Amino acid sequence: MRLIERRIGLLFAVFLGLLALAAIRAGWLGVVRADALRKAAATQQVAQVVVPAERGAITDRNGIELAVSQPATTIAVTPYLVKNPLRIAARLHKLLGVPENQLMRQLTRRDTGFAYLAHRVPALRAQRVERLKIEGLQFIPEHRRTYPRDFLASQLLGGVGAEGKGLSGLEYSLDPLLRGRDGERRMVKDALGQAIELRETRHTKPGAQVKLTIDEAIQDKAEQVLADVGETWRPHAATAIVMDPRSGALLALANWPRVNANKPGAAPDFARQNRAVGTTYEPGSTFKAFTVAGALEDHKVTPATKFNLPPSIRLYDREIGESHVRGPVTLTTEQILAYSSNVGAVTIGLKVGARRFDHWVRRFGFGKPTGTDLPGEESGIVLPLAKYSGASMGNLPMGQGLAVTPMQMAVAYSAIANGGILRAAHVVEAVNGHPSPPHRGHRIIAESTAASLRKMLEGVLGPGGTATGAAIKGYELAGKTGTAQKPDPATGGYSASKYVASFVGFAPAARPKLLVTVMVDEPQGEIYGGLVAGPAFKRITSFALNYLKIPPG
């Protein structure tokens, strides 16, 4: 009996000892190791998954899609469920286009129960991965940014990075609107990694739908014409702007060389730049219209004022001549513009005077951004009046010694076209169906002065003008050619071989509804704006007038 009691006591003691050990272990795990174990459990069983919002589409003014978000899949993994990660990394490398060593790092992580392998994989490729039935992989529906027209308006649209954030162009400047708001899902998994609960803790908010003023047909034509310019004249680059001068709405903004928006890395850096706002150049003779505008406003000249012009004019140490040698001649203000006389422009500039000339340069908006809704706009370069030298008025009135952007030239000429009102160009027409507020301008010259300038600029395309080849049958057009030597940093002077050829014009001349600017940087074989940029202006303008059904009058 005593033996049985001793055995029972011994068993009881052992039981109490085991119970004490269990209590100590439970206390250790529940108190000392509680935080670490709680984190480990949460890491392996609970995952917070970000659900990116669908990026808003960008369309042209007729609703044609220029940038859209298409279904894609982000592939993630629960690392501790992966068997043979080396073999899996080798299989996924080709399908995902991700380096094997990078995949291995994610597949073998032990600090988390959730890791990304590839973001925004195209739907078909993601399906091929899913068919492999690899344990531990997760497939999260998302969207991928694509550009249905590939090359069309690529520098204007810009691009989106791997994380879905706008990096350049309108994708960058409109990113807060287009991006929307990401959602979030809470995923709870069992011990085998299978999802047993999926709850949306924050709803996604899709990005805004943005409609541009750009017209796909006019944009495409402008890019085709610049491609032909590139093939014919082999320039460094070229830009064309088409706008409605009455409102400042941009109908096309084209750059050459063209860039495939779906493969931007295949193009050189300079080609991806939107040169319309991001590049400056010396305008040359296209600037003479503003010299004349200031003289008209200050009542220094009239269109009929006659000037006896020598073959050249000396100003301090500078000798200014014409692009083509000539003898003494008498020209009116109107003829000085039509024939693009350097000597005439400088003579008129001297009548205006340096102080007033500087006033009119800035009055037309040069030396500062135009205020367009395009990102990356440069200010241009305008010499402060205090830094004018004795010879400054020998080159500034004819467009040398200052730098402008193609957009500044287009906007300044639009003030002449629309009756003296300077108004910033814009490209966003509506957001989520709500029209953008009207872009108000301000008067910079009298309506009568603008009308006189338009009439005088008709002569550029008429007999004896510098751009007779840009005329369009049945229409009265107005415009101005530019042929500018490029500065040579090596010598501090001007290059003898590098030029910028340009043309700015509008139609119909009396009541303009269309304005087109063409700038060709470093054409080969020919340099003059009337021969290089003028025909491109004609082709773009002729198409747009017909397409928009703009009558001649």
Side-chain angles (χ1 to χ4, degrees), residues 61 156 170 173-174 210-215 218-219 222 239-253 274 276-278 280 283 286-287 289-290 292-294 296-297 359-380 382 404-431 434-454 457 478-480 504-519 541 544 548 550:
R61 66 182 192 151
L156 170 65
L170 293 177
S173 62
L174 300 177
V210 176
K211 179 188 285 190
L212 304 182
T213 58
I214 296 295
D215 190 293
I218 300 175
Q219 176 75 29
T239 295
I241 298 171
V242 183
M243 66 185 292
D244 183 339
R246 299 167 298 178
S247 66
L250 292 168
L251 302 177
L253 195 157
N274 184 358
V277 293
T280 60
T286 51
F287 204 80
F290 309 116
V292 173
L296 290 171
E297 280 286 293
H359 164 79
W360 289 114
V361 169
R362 299 180 190 282
R363 183 78 169 162
F364 273 94
F366 297 105
K368 61 183 179 181
T370 65
T372 179
D373 51 6
L374 297 171
E377 184 177 21
E378 293 288 335
S379 299
V382 172
V404 304
T405 67
M407 185 61 71
Q408 285 176 326
M409 289 302 291
V411 168
Y413 264 88
S414 76
I416 298 173
N418 72 6
I421 304 297
L422 187 71
R423 180 182 288 108
H426 67 279
V427 75
V428 177
E429 181 173 302
V431 177
H434 301 293
S436 298
H439 295 257
R440 302 188 182 280
H442 62 280
R443 179 166 296 283
I444 59 169
I445 57 175
E447 189 171 354
S448 59
T449 301
S452 294
L453 284 166
R454 290 197 301 272
L457 289 170
K480 187 71 189 75
V504 188
F506 38 81
R511 289 179 292 277
K513 297 180 177 65
L514 195 68
L515 183 142
V516 178
T517 303
V518 178
M519 188 273 282
T541 305
L548 296 172
I550 296 175

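Everything numeric in this text was worked out from a predicted model, so none of it was measured.
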Once side-chain hydrogen bond (donor to acceptor under 3.5 Å, both in side chains) is applied, do any residues pair with [X], and if so which ones, sequence neighbours excluded?
X: R423; value: none
X: R61; value: D215
X: E429; value: none
X: N274; value: N255

What are the two closest heavy atoms between [X] and [Y], and how far apart are they?
X: A412; Y: L422; value: CA-CD1, 4.1 Å
X: G420; Y: A450; value: N-CB, 3.7 Å
X: A415; Y: I444; value: CB-CD1, 3.8 Å
X: A222; Y: A252; value: CB-CB, 4.4 Å
X: A276; Y: P406; value: O-CD, 3.5 Å
X: L453; Y: A289; value: CD2-O, 3.8 Å

Checking the side chain of [X] only, and the main-chain atoms of [Y] only, is there a donor and an acceptor separated by less than 3.5 Å?
X: Y413; Y: T286; value: yes
X: S452; Y: S448; value: yes
X: E378; Y: T405; value: no
X: Q219; Y: I214; value: no
X: T370; Y: Q408; value: no
X: N418; Y: P245; value: yes
X: T239; Y: M519; value: no
X: R454; Y: I416; value: yes

Distance, nearest 0.5 Å, that separates OG of S414 from CE of M243: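 That separation rounds to 4.5 Å.
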
Distance (rounded to the nearest 0.5 Å) between T449 OG1 and L296 CG: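 Going from the OG1 atom of T449 to the CG atom of L296 covers 6.0 Å.
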
Any E377 side-chain heavy atom under 4.5 Å of T372 side chain: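 Yes, at least one pair of side-chain atoms sits under 4.5 Å.
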
Any side-chain heavy-atom pair of M409 and P283 under 4.5 Å: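 Yes, at least one pair of side-chain atoms sits under 4.5 Å.
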
Partner residues of F287 under the ring pair (Phe, Tyr, Trp, His ring centres under 6.0 Å) criterion, sequence neighbours left out: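 For F287, the residues satisfying ring pair (Phe, Tyr, Trp, His ring centres under 6.0 Å) (neighbours in sequence not counted) are F290, F366.
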
Verdict with reasoning, V404 to T280, per side chain to side chain contact (heavy atoms under 4.5 Å, CB included): CA-CA 5 Å; V404 304; T280 60; over 6 Å; no

Audit row: L374, L250, side chain to side chain contact (heavy atoms under 4.5 Å, CB included) steps and yes/no: CA-CA 11 Å; L374 297 171; L250 292 168; 4.0 Å; yes

Among V516, L515, L514, the one residue meeting side-chain contact (heavy atoms from CB on, under 4.5 Å) with L251: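 When V516, L515, L514 are each tested with L251, the side-chain contact (heavy atoms from CB on, under 4.5 Å) holds only for L514.
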
R511 atom CZ, neighbour heavy-atom count above 12 within 6.0 Å: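 No - once you tally the heavy atoms of other residues, nucleotides and ligands closer than 6.0 Å, there are 12 at most.
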
Any pair counted as salt bridge (charged side-chain N to carboxylate O under 4.0 Å, His left out), so long as it reaches residues 360-374, sequence neighbours left out: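 Counting only pairs at least two positions apart or across chains, the salt bridge (charged side-chain N to carboxylate O under 4.0 Å, His left out) contacts touching residues 360-374 are D358-R362.
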
Pair V428-L174, side chain to side chain contact (heavy atoms under 4.5 Å, CB included): steps then yes or no: CA-CA 10 Å; V428 177; L174 300 177; 4.1 Å; yes

Evaluation steps, side chain to side chain contact (heavy atoms under 4.5 Å, CB included), between I445 and W360: CA-CA 9 Å; I445 57 175; W360 289 114; 4.0 Å; yes

